[in-house]
Amino acid sequence: MESEALMSTFLRRGVLWPTAEIYGGIQGLYDYGEAGSSIKRNLEAAWERWFVGLSPGYYRIEPAEILPEAVVRASGHLANFADPLVKCNACGEEYRADTLLEARGVQDAEALRGEELQKRLVELKIRCPRCGKAEFTPPKAFNLMFGFDWGAQSEERAYLRPETAQSSYLAFPRMWNAMRKKLPLGVAVVGKAYRNEIAPRQVLFRMRAFTQAELQIFFDPEGLPDSWRVPPDFSVPALTARDREKGAKEATLQKLSDLVAQGQMPEFYAYHLMQTYRCYRDVLGYPEARLRLFEKNEKERAFYNRIQYDFEAHLDSLGGFKELGAVHYRGDYDLTKHSEGSKTDLGVTLENGRHILPHVLELTFGVDRNLWALADLLMKKDGDRTVWSLPPYLAPKLAGILPLIPKEHGEDALRLHRRLVAEGFHVVLDDSGSIGRRYARLDEIGTPFAITVDRDSLTNQTYTLRERDSKAQRRVTVEELAVALRKASLFPTPHSEVRN
RNA sequence: GCGGACAUAGUGUAGUGGUUAGCACGCAAGCUUCCCAAGCUUGCAACCCGGGUUCAAAUCCCGGUGUCCGCACCA
């Protein structure tokens with residue numbers, strides 16, 4: 001679906017809107033409304049059920065969103081997030097001072113501070129690549145983190161976390177002790193991260209405050225679980241770095257077992273690609289034809305990642321493939337850095353007596369992005385109705401209860417509503433407008449079922465159950481209703497039989 | 001952040017200096033209606049913010065904010 005159509009539906013139905021809109025809004029922030037926050041919560045719950053469910057040794061935690069400066073210094077974010085920008089006085093073009101110096105062969109320019117950078121720019125007679133003049137403004141730090149002074153006397157520096165992952169690394173020693181000293185240990189966080197993006201755009205795709213769902217798996221590279229294996233035939237649409245070097249532009253269906261056999265990735269990594277792919281396909285309902293795995297090459301990926309595949313979906317609203325999440329093999333980079341930074345040994349002693357620094361496999365998931373992508377891909381025009389074919393457990397409401405003629409069936413509908421609410425179902429009552437109009441309203445925000453109360457309901461307590469996508473109806477009793485709703489609420493699990 | 005375009009009810013839009021600011025959809029109330037945005041009646045609801053020019057500004061000018069498209073950025 002196109003971006004304008006999506007956004008106007010979202011605004012009209014109160015799914016989401018710009019933050020502080022009556023004051024003109026603020027770039028990069030959006031508020032979720034009733035339907036939006038419900039879908040987002042459901043998405044987070046589905047993610048958690050799947051990824052925390054991968055192993056009994058995986059747990060969710062909820063760490064603080066603010067970090068002291070020492071943490072972001074150790075993680076490398078302080079250096080890497082503060083780009084020194086200079087502007088050409090003649091033509092106004094902006095550059096990163098360190099990039100200009102590096103282009104002239106200056107080593108470790110990233111480590112230089114403002115005045116030194118300026119000195120070197122002058123010494124080396126660096127010229128503007130566009131207009132050729134050699135006059136720049138003094139470097140101005142553009143920090144992509146939100147930092148602020150902390151404490152009663154503003155005596156400390158603190159930062160809003162730029163990614164949730166750091167919180168999990170900090171939690172590792174506590175979790176190791178509290179959770180019985182076993183590897184693999186999984187630490188999941190679903191929470192906000194904050195980045196001072198230069199140009200936030202594309203609604204939910206570049207926000208300044210956004211929700212990440214991330215699982216950090218700490219494991220022993222010499223002692224991998226037996227279950228971390230891929231079946232021989234499981235294939236994914238993949239565009240590998242190797243294929244791209246050879247000129248490939250499009251993903252091809254590739255067997256993960258082949259990629260392992262060719263030495264392109266270890267099997268434990270392939271296993272996690274498979275489980276992540278199954279979540280997108282089988283839990284979230286992404287059409288396979290729109291998904292691909294995109295491998296970042298050495299230049300593109302973050303320096304600490306040894307292997308990085310992004311999960312991408314082709315979105316009409318944003319004109320191409322967009323990243324929804326990723327699988328990063330970060331090695332022991334993070335625990336090494338935080339061991340050094342905190343002067344704490346984050347290594348652990350295993351049952352067999354070996355003392356190791358665990359490696360980290362990071363599974364990331366952008367919650368807001370996925371909400372947008374699922375709207376783009378699953379919301380469709382069907383004649384003059386709009387249908388959002390969300391999986392039932394992601395829909396904001398499971399069913400709408402509609403008295404066919406409110407005056408005659410209203411009371412009965414209210415009774416049914418109370419009963420289903422008491423049974424724990426998220427159902428909504430709508431008695432306003434013609435029956436077709438009410439069906440259409442439900443379809444538009446993805447409600448999978450409509451239950452209609454009619455003349456027969458009054459005499460024999462049966463109702464018609466309408467299915468959203470097919471519009472097909474069947475007549476059911478209350479008991480059958482509850483069974484159908486319960487069944488639709490069930491999630492697939494990572495341990496169900498793997499289909500290719 | 002740079003360049004360009006744009007900003008009118010909840011949504012989509014008409015309106016080139018003087019309009020009761022129009023239309024469609026929507027929403028609400030009523031009538032009707034035993035099943036897919038039907039019909040009839042009535043109603044609700046808008047000129048992004050701040051300055052300026054002018055007798056008069058939704059309309060022209062300046063600034064701000066926001067959105068979109070390119071460029072840059074996206075550890």
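Letters go in sequence order (proteins before strands), and every chain restarts at 1.
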Given that both distances must come in under 3.5 Å, which nucleotide forms a Watson-Crick or G-U wobble pair with B/A21? none
is_close_aromatic(A/F294, A/F321), centroid dist under 6.0 Å: no
Please check the phosphate of B/C27 (OP1 and OP2 only) for any side-chain N or O of A/S432 closer than 4.0 Å. no
Could you measure between the two P atoms, the one in B/G18 and the one in B/U11, and give it in whole Å? 27 Å
Is it the case that A/R201 places NZ or CZ above or below the six-membered ring of A/F205, under 6.0 angstrom from the centre and within 45 degrees of the axis? no
Atom pairs, N/O to N/O, protein against nucleotides 41-44 of chain B, distance under 3.5 Å?
none

5'-most contact on RNA chain B (nearest-nucleotide basis), A/G76 vs A/T9, goes to A/T9
Please check: side-chain N/O of A/S339 versus main-chain N/O of A/L346, any donor-acceptor pairing under 3.5 Å? yes
Go through it in stages, so that I can follow the logic: the residues are A/R474 and A/E480, the test is salt bridge (Lys or Arg N to Asp or Glu O under 4.0 Å), and I'd like the CA-CA distance, side-chain angles, deciding distance and then a yes or no. CA-CA 11 Å; A/R474 63 194 170 101; A/E480 289 167 333; 5.8 Å; no
Could you tell me which nucleotide pairs with B/G30 by Watson-Crick or G-U wobble geometry, both distances under 3.5 Å, or answer none if nothing does? B/C40
C1' atom, B/A46 versus B/A7: distance in rounded Å? 12 Å
Taking everything shown except A/K337 itself, do over 12 heavy atoms lie less than 6.0 Å from its NZ? no
So among A/T452, A/V427, A/L481, A/V421, which one has a side-chain contact (heavy atoms from CB on, under 4.5 Å) with A/I401? A/V427
Watson-Crick or G-U counterpart of B/A9, or none if no pair lies under 3.5 Å: none
Does CZ in A/R418 sit with more than 12 non-hydrogen atoms of other residues, nucleotides or ligands closer than 6.0 Å? no
Please report the distance separating the C1' of B/U67 from the corresponding atom of B/C61, rounded so that it comes out in whole Å. 22 Å
Any chance CD of A/E250 has more than 12 other-residue heavy atoms, nucleotides or ligands included, within less than 6.0 Å? no
For atom C1', what is the distance between B/C48 and B/A24, given to the nearest Å? 23 Å
So does A/D310 pair up with A/R301, basic N to acidic O under 4.0 Å? no
Should we say atom NE2 of A/H314 is surrounded by more than 12 heavy atoms from elsewhere, each under 6.0 Å from it? yes
Going 5' to 3' along nucleotides 63-69 of chain B, which nucleotides have protein heavy atoms under 4.0 Å from the base (write B), which only from the sugar-phosphate (write S), and which from neither (write -)? --SSSSB
Does A/K407 place a side-chain N or O at less than 4.0 Å from the phosphate oxygens OP1/OP2 of B/U33? no
In whole Å, what separates the C1' atom of B/G43 from that of B/C36? 26 Å
Are A/R385 and A/Y439 in a cation-pi setup, meaning NZ or CZ lies under 6.0 angstrom from the ring centre and within 45 degrees of the ring axis? no
Work out how far the C1' atom of B/G4 is from that of B/G12, and round it to whole angstrom. 25 Å
Flag if over 12 foreign heavy atoms under 6.0 Å of OH, A/Y23: no
So what does A/F10 hit on the nucleic acid, given a heavy-atom distance under 4.0 Å: a base, only sugar-phosphate, or nothing? nothing
Using the P atom on both, measure B/G70 against B/U16 and round to a whole Å. 30 Å
When both hydrogen-bonding distances must be under 3.5 Å and the geometry is Watson-Crick or G-U wobble, what is B/C68 paired with, if anything? B/G4
Watson-Crick/G-U partner (both atom distances under 3.5 Å) of B/A14: none
Identify the nucleotide, in any strand shown, that forms a Watson-Crick or G-U wobble pair with B/U59, with both distances under 3.5 Å; if there is none, say none. none
Listed pairs, N/O of protein and of nucleotides 34-40 of chain B, under 3.5 Å:
from  : atom 1 : to     : atom 2 : distance (Å)
B/C34 : N3     : A/R455 : N      : 3.0
B/C34 : N4     : A/H409 : NE2    : 3.4
B/C34 : N4     : A/R455 : NE     : 2.9
B/C35 : O2     : A/Y439 : OH     : 2.2
B/C35 : O2     : A/Q473 : NE2    : 3.1
B/C35 : N3     : A/Y439 : OH     : 3.4
B/C35 : N3     : A/Q473 : NE2    : 3.4
B/C35 : N4     : A/D454 : OD2    : 2.9
B/C35 : N4     : A/T464 : OG1    : 3.2
B/C36 : O2     : A/R466 : NH2    : 3.0
B/C36 : N3     : A/R466 : NE     : 2.7
B/C36 : N3     : A/R466 : NH2    : 3.4
B/C36 : N4     : A/R466 : NE     : 3.4
B/C36 : N4     : A/K471 : O      : 2.7
B/A37 : O4'    : A/R437 : N      : 3.4
B/A37 : O3'    : A/R437 : NH2    : 3.4
B/A37 : N7     : A/D384 : O      : 3.0
B/A38 : OP1    : A/R437 : NH2    : 2.9
B/A38 : OP2    : A/S434 : OG     : 3.3
B/A38 : OP2    : A/R437 : NH2    : 3.1

side-chain contact (heavy atoms from CB on, under 4.5 Å), paired with A/L394, selected from A/L284, A/N370, A/L371: A/L284
For the C1' atoms, the ones on B/U20 and on B/G15, what distance do you get once it is rounded to whole angstrom? 15 Å
